[in-house]
Amino acid sequence: MIYKVIGKDEFRKLIEGLIESNETFGPRQVDTGKDGQPIYQFRKVDSFDDLELDYNYTASSLKNFFLPFKELLSRYAFTDDDWEQGIEYRVNPRVIVGARACDINALNKLDDIFIRGAFPSPYYMARRNNTFLIGMDHMPPEDCFCESLGELTVRQGFNLFCTDLGDRYYLSINSSKAFNFLKKVKTSNPTAEDDRKWIERRQLIKSSFQTEVETDELPDLLDIEFSSPIWKKWGDKCLNCGVCAMVCPTCYCYGVEETIDVSLKQARKERQQYSCTVVDFAEVAGGHNFRPLKEDRLKYRYYHHYHGFAENADQQICVGCNRCGRACLPGINPKDVINDLILESGDDV
Amino acid sequence: MKVDMKIDVHHLTRVEGHGNIEIEVKDGKLKKARWAVVETPRFFEAMLRGMSHDLAPMLTARICGICAIGHGLASLRAIERAMEVDVPETAKVLRLLAKHGETLQSHTLHVFFLAAPDFFGVPNVLPLIESHPEIAGLAVRLKKAGNDLCDLTTGRPTHPVSLVPGGLSKAPEKHELKAIRRVLVDRIPDIEATAALFKTLSIPDFVRETEFVALKGEKDYPWIGGDLVSTDGVVKEEDDYRAMTNEYKEDFTTTKFTRLSRESFAVGALARVNNNFKFLEEKSRAAAEELGLTPVNHNPYMNNVAQVIECDHVIRESIKLIDRLLEMDLSDIRAEYRVRAGKGVGAVEVPRGILYHEYELDDQGLVVKANCIIPTTQNNANIHIDLSALVEQGLKEKKTDAEITHLSEMLVRAYDPCISCSVH
Amino acid sequence: MTFKIPKQDINFKPFMNRPPDYKLKHEIMRTDRVYKCEVINIIELTAEEKLFHLKIIDPAERAIFHFRPGQFLMLEVPGFGEFPISISSSSNNQEYIALCIRKVGRGTEILHRARMGSRVGIRGPFGTSFPMEEMVGHNILLVAGGLGLAPLRAPLYWVNEHRDQYRDVSLLYGTKDPSSMLFTYQYEQWRTVNRIRLMTIVDRPDENWTGRVGLITELFKEIEIDPLNTYAIVCGPPIMFKFVCNHLDSLGIPMNRMFVSLERRMHCGMGKCCRCMVGSTFTCVDGPVFDYWSVMNLKEAI
Amino acid sequence: MKYLGIDPEKIKIGSFDFTCCEGCQLQLANKEDTLVDFLNLLEVVNFREISSYRGEDYDIALIEGAISRQDEVERLKRIREQAKVLVALGTCACFGGVNQIKNKFEIEDVVREVYGDDPVETLPVRKISDVVKVDLEIPGCPVSKEEVEKIVVDLVTGAEINFPKYPVCVECRRKVNTCVFDLGLLCLGPITRAGCGAVCTSGKTACIGCRGPAEEANYEEFRQVLKEHGFTPREARERIDFYGGLPEMVIDES
Ligand SMILES: Cc1cc2nc3c(=O)[nH]c(=O)nc-3n(C[C@H](O)[C@H](O)[C@H](O)COP(=O)(O)OP(=O)(O)OC[C@H]3O[C@@H](n4cnc5c(N)ncnc54)[C@H](O)[C@@H]3O)c2cc1C
Ligand code: SF4
Ligand code: SF4
Ligand code: SF4
């Protein structure tokens with residue numbers, strides 16, 4: 001990795017240049033909540049001033065830029081008794097500014113599945129390869145727990161990562177593209193003072209977490225407590241609304257559907273983001289449901305997130321952003337569920 | 001020669017809702033000519049009682065599947081006047097734009113899908129797709145533009161979602177406005193072609209002196225709120241609408257009838273053009289003159305022409321409204337307001353004429369009493385009386401049963417009645 | 001000053017238009033490209049099930065298509081959906097692929113209307129297979145319930161084609177009623193030509209049925225099993241293979257010598273959609289063939 | 001398309017309206033981009049609102065609206081006898097729709113409120129399936145034309161018709177909307193069947209349940225959610241009762 005320091009004015013020039021030449025997305029305020037607090041999402045930006053780089057969190061994650069909620073996989077064109085399949089992977093280059101470390105870590109996890117997994121996905125890869133990603137550190141919101149999962153810092157998977165040193169950014173440069181762009185604006189090599197401030201900033205962030213979740217023993221615990229009563233307790237609360245999975249940066253379960261156009265001349269095959277908490281997730285033709293109960297489905301989501309699974313070499317995929325917890329209307333959130341699970345297992349011994 | 005005639009058109013087709021035409025002629029004398037609405041009433045005013053005011057516009061939009069935006073706006077206007085809410089200017093412009101989308105959509109639906117088949121002697125618009133593809137093309141493009149405008153401003157073409165007390169819950173993005181502006185500009189040649197088409201059609205020649213009622217324009221062609229005016233010279237305030245409508249009930253119909261200076265009056269596109277001709281967009285006015293539509297025109301069949309002229313007008317005015325919006329801050333679309341007790345009237349020109357909503361609200365913002373008067377209700381008596389005159393004229397001109405039936409059906413259709421709406 | 005990000009296309013390695021080889025990892029392949037097949041034969045087996053013979057149209061694609069007994073395909077009926085189906089023919093058959101398909105939902109129902117010459121798509125093969133080589137020199141016990149006979153046909157063909165390498169081969173087959181019994185026209189051949197001990201049983205007999213009546217476990221009373229020299233392949237509804245495997249376990253067949261084929265909802269076949277997950281395991285890439293020990297260790301598998 | 005032996009035949013439809021706003025029928029003429037293709041799949045033999053041709057040989061009857069008068073009951077029964085497939089089109093037909101709000105009041109009171117001493121005939125509002133057998137329900141106020149198109153294609157090709165089983169929230173979040181609960185609104189999305197594309201919440205207004213219940217909706221917990229968000233039983237009930245499609249969601253006073 002190469003490191004540089006850039007003044008905030010100069011940084012602005014860089015971003016403005018990127019916005020001008022490319023489709024650019026970043027955190028924007030989309031609404032004001034009933035509590036008066038701003039609500040942010042990653043949206044298209046037309047100027048630097050659209051960006052709200054001091055945002056706390058976006059309600060939905062970056063995931064859908066790489067795994068769109070609805071994605072066309074193939075098109076079929078029918079001729080009398082025959083058809084032709086058409087596939088398109090292209091995506092136009094674009095920039096995303098202001099991703100948090102946990103967001104980038106989440107993408108790295110998705111890379112393990114969609115690029116390094118058994119059957120790499122060209123759709124995902126086309127989007128990932130054509131996205132210029134600029135990360136940015138921040139002070140943790142009070143309910144985040146990425147630190148507990150070791151996802152507080154990120155060392156790969158971005159083009160440029162900015163550590164905020166007040167009037168300037170400490171830049172971690174992770175791609176030749178980024179390096180070349182930076183040649184066109186004024187940067188300097190970090191001084192010893194910059195390095196010291198960088199360390200201070202990191203330590204400050206690390207020590208600012210207010211939420212901690214004990215996750216080390218979770219893979220085993222989840223196995224041991226597979227029939228724990230806490231699943232019913234939390235499962236009964238679940239609305240099966242799938243919201244948790246939709247906003248989560250790493251939930252990637254999906255369904256594929258085909259539809260014929262009204263012209264009867266073409267058909268579309270589309271991938272749609274799904275959620276394991278949704279009622280028919282594991283239902284098969286004929287009506288048998290392999291996970292008929294709310295608790296089965298909710299448990300499965302936790303099992304998948306914290307037990308890990310084969311495709312990504314058994315790593316936990318939660319990055320601790322708590323988006324699911326915030327979005328869940330009945331208030332089901334990883335911290336409480338996991339704590340319950342740990343308490344429950346404590347009772348056993 | 002003795003003429004006996006019994007015409008009974010049960011559930012007239014190509015109109016919204018259920019109505020019957022009943023004509024009886026004995027010995028060459030007209031015994032009966034009725035326009036009977038047999039729609040099942042839904043009792044919206046009764047349902048509104050006790051409902052939160054913010055649900056009222058959503059409920060009343062369901063009075064009509066065609067002019068749902070109009071109902072929503074009348075309802076909002078009544079509520080906002082009752083609670084003295086100041087709606088931001090941006091929201092007002094956006095609402096008017098939505099209104100224009102609806103007018104365009106509704107008028108093209110009527111002109112092309114419901115009325116046009118009569119002029120071409122086909123049962124519906126489908127054969128025209130084959131025989132006159134260029135006309136079908138006009139219809140589809142114009143209607144789509146109207147629907148798209150509604151969709152963009154209110155969230156969907158029918159039953160708006162973003163019309164809320166205080167303004168709008170969501171504004172379109174500027175790039176979306178620019179896109180729809182381009183579409184509207186492209187529709188100008190289409191509407192001009194439509195006017196040219198109407199020049200070639202023969203509008204039945206029938207005239208009956210009628211009083212026409214509309215909103216009174218001040219500077220612009222009026223659509224939402226303001227004073228009421230009639231071609232007989234009556235002027236009233238919006239709040240005084242009951243004195244303008246004077247509802248009463250007849251036995252043979254489930255709708256109410258209305259009257260003003262004469263035994264009946266008419267509202268709708270023709271009434272608006274007759275009352276506010278000078279406020280039409282300049283080019284629209286010229287087109288009207290070209291088509292022989294100048295105030296005060298007493299041929300009810302000319303309502304179709306008036307609708308074409310209004311389409312022309314709203315397309316041109318929408319473009320101007322969008323230009324204004326592009327200069328405005330689109331985040332300022334909703335006013336905070338305090339819920340309080342009050343009474344309010346909202347009068348809105350919907351495609352078929354003036355629509356009135358009136359609510360009385362309690363201090364919780366719940367509806368205590370509601371009254372809605374629908375344009376078609378106001379037209380029903382006039383249709384009914386027109387029918388008699390039309391049959392009399394037909395008898396004089398020795399028209400056959402079939403001709404009289406055809407002309408009667410066309411007459412009713414010309415009013416573009418929205419019957420389920422009138423029996424809400 | 002230009003900040004334009006250059007467009008980066010994906011390199012399909014090594015050839016853009018080479019048909020996919022699903023066994024290669026870490027290679028971006030056109031995994032969504034289907035092999036186009038023609039239906040060359042349709043055999044009506046029961047009211048609900050038909051056997052389809054599919055021939056891959058492109059000879060080059062046909063030449064590289066290989067599978068092992070127990071693997072499955074994703075069958076696509078363009079416009080109506082894609083679903084997993086076990087391959088029910090010999091892995092030696094270079095001419096066509098046989099699929100036995102029950103009419104149950106949107107995709108399968110439409111497929112049942114296919115005529116000779118209709119064209120459908122396949123992707124695959126996917127998943128694990130039965131370890132036929134490992135079983136050499138042993139007795140083989142095949143146990144099938146209902147539609148479970150379909151995936152057993154591929155290992156059965158294998159055994160028949162290498163009959164001398166295996167010792168006693170038994171096939172126990174049970175169905176709900178006689179009319180839902182599959183592939184009856186082949187039984188005689190299996191028994192006489194292939195020297196397979198074939199036993200059938202039904203739950204609910206009809207007036208013409210003269211055979212055995214009862215649950216499939218009844219059949220075990222009639223055969224003798226040499227537990228330390230036998231491999232078992234069990235396929236059928238979960239409740240059935242659970243009973244059968246428990247029984248075989250009690251007889252002393254080691255759990256890692258019993259194989260089952262699991263069924264779960266699937267939307268990709270490639271370990272992505274997660275619909276087929278059982279605990280931490282994908283039925284599509286880690287299965288569908290599992291040994292019973294693994295299944296026992298899977299949370300919520302049975 | 002002759003694919004798989006599917007030689008699509010136009011379906012003969014009749015469209016009939018009862019107590020309603022006719023907005024659902026109107027949707028059939030919307031979505032103009034694909035209108036011609038859509039109409040190509042249909043043979044409209046009876047559709048009073050747009051056509052003067054009145055044939056009786058329809059196979060599929062689209063029924064719009066609820067039932068609120070005796071003559072409607074009889075007309076509906078006649079249509080049922082004729083139709084091979086009877087489709088309840090729209091929320092009014094499926095659940096009674098807004099019309100059934102009337103049923104909370106006494107009939108005489110309702111009539112008096114609107115017609116004073118000049119009464120008209122009316123019955124308590126019933127949904128179509130309360131009167132005749134319904135083969136297919138397409139909910140929505142109004143129905144989504146996109147969904148109708150899909151269903152018509154399924155009918156023409158003979159494919160099984162599927163509706164989403166999950167609630168509106170899934171579609172809502174797929175659109176990256178802000179949850180309107182966060183804006184202080186009472187949304188019925190979590191218990192309402194998806195398929196509308198979350199139009200209402202995408203317009204930043206609450207879902208009021210026009211599509212009826214999602215499968216296995218968790219009413220118990222949803223009641224709790226409403227309470228915790230500080231909504232009064234009156235507010236909740238008013239919205240749940242709006243379309244009549246969520247009879248199992250009971251709100252108690254406590
Ligand atoms: C490994 C494996 C092998 C199979 N082999 C056979 C076979 O040889 N013969 C046979 O008749 N059936 C087999 N099935 C079951 C077959 O996949 C389903 O019957 C089929 O998916 C139903 O699809 P549908 O479109 O008709 O149903 P729908 O209910 O319309 O299903 C929609 C989608 O859900 C998924 N789905 C639904 N049911 C199942 C299911 N049971 N299993 C997996 N996905 C499902 C599919 O993706 C399907 O496209 C197998 C299933 C698996 C997992
Ligand atoms: S968001 Fe909450 S209620 Fe909804 S599915 Fe997820 S856990 Fe269940
Ligand atoms: S906290 Fe929730 S939303 Fe965030 S990564 Fe973990 S599971 Fe996903
Ligand atoms: S707005 Fe309504 S539909 Fe959308 S997520 Fe929230 S509760 Fe669900």
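These numbers were taken from a predicted model, which means no experiment stands behind them.
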Counting C-beta onward and ignoring hydrogens, is there a side-chain heavy-atom pair between D:Cys179 and A:Val243 closer than 4.5 Å?
no
Within a strict 4.5 Å, meaning less than it, do heavy atoms of the A:Val262 and D:Leu41 side chains meet?
yes
Scored by heavy-atom pairs under 4.5 Å with chain A, the best of D:Phe38, D:Phe222, D:Phe181 is D:Phe181
Taking every heavy-atom pair that is under 4.5 Å apart, which of D:Ala214, D:Ala194, D:Gly184, D:Cys172 has the most such pairs with chain A?
D:Gly184
Heavy atoms of A:Cys241 and D:Pro167 approach each other most closely as CA-CG, 3.7 Å
Which heavy atom of A:Leu239 sits nearest a heavy atom of D:Pro190, and at what distance?
CD1-CB, 3.9 Å
Contacting moiety of A:Ile39, where chain D heavy atoms sit under 4.5 Å:
side chain
Which bit of A:Val279 comes within less than 4.5 Å of chain D, counting heavy atoms only: side chain, backbone, both or neither?
side chain
Contact origin within [X] toward chain A - heavy atom pairs under 4.5 Å:
X        : result
D:Val170 : both
D:Val36  : neither
D:Pro164 : neither

Across chain A and chain D, going purely by atom type as modelled, what donor-acceptor pairs are there at a distance under 3.5 Å?
residue	atom	partner	partner atom	Å
D:Lys2	N	A:Asp80	O	3.1
D:Tyr3	N	A:Asp80	O	3.0
D:Leu4	N	A:Asp81	OD1	3.3
D:Lys165	NZ	A:Glu283	OE2	2.4
D:Arg174	NE	A:Gln273	O	3.1
D:Arg174	NH1	A:Gln272	OE1	2.7
D:Arg174	NH2	A:Gln272	OE1	3.2
D:Arg174	NH2	A:Gln273	O	2.7
D:Val176	O	A:Arg43	NH2	2.8
D:Thr178	OG1	A:Asp31	OD2	2.7
D:Phe181	O	A:Lys34	NZ	3.2
D:Asp182	O	A:Lys34	N	2.7
D:Lys204	NZ	A:Val30	O	3.4
D:Lys204	NZ	A:Asp31	OD1	2.8
D:Asn218	ND2	A:Asp236	O	2.9
D:Asn218	ND2	A:Cys238	O	2.7

Of A:Cys238, A:Ala59, A:Gly331, A:Ala245, the largest count of non-hydrogen pairs under 4.5 angstrom with chain D goes to A:Cys238
Mind running side-chain contact (heavy atoms from CB on, under 4.5 Å) on D:Val176 and A:Phe42 for me, showing each step along the way?
CA-CA 9 Å; D:Val176 199; A:Phe42 290 106; over 6 Å; no
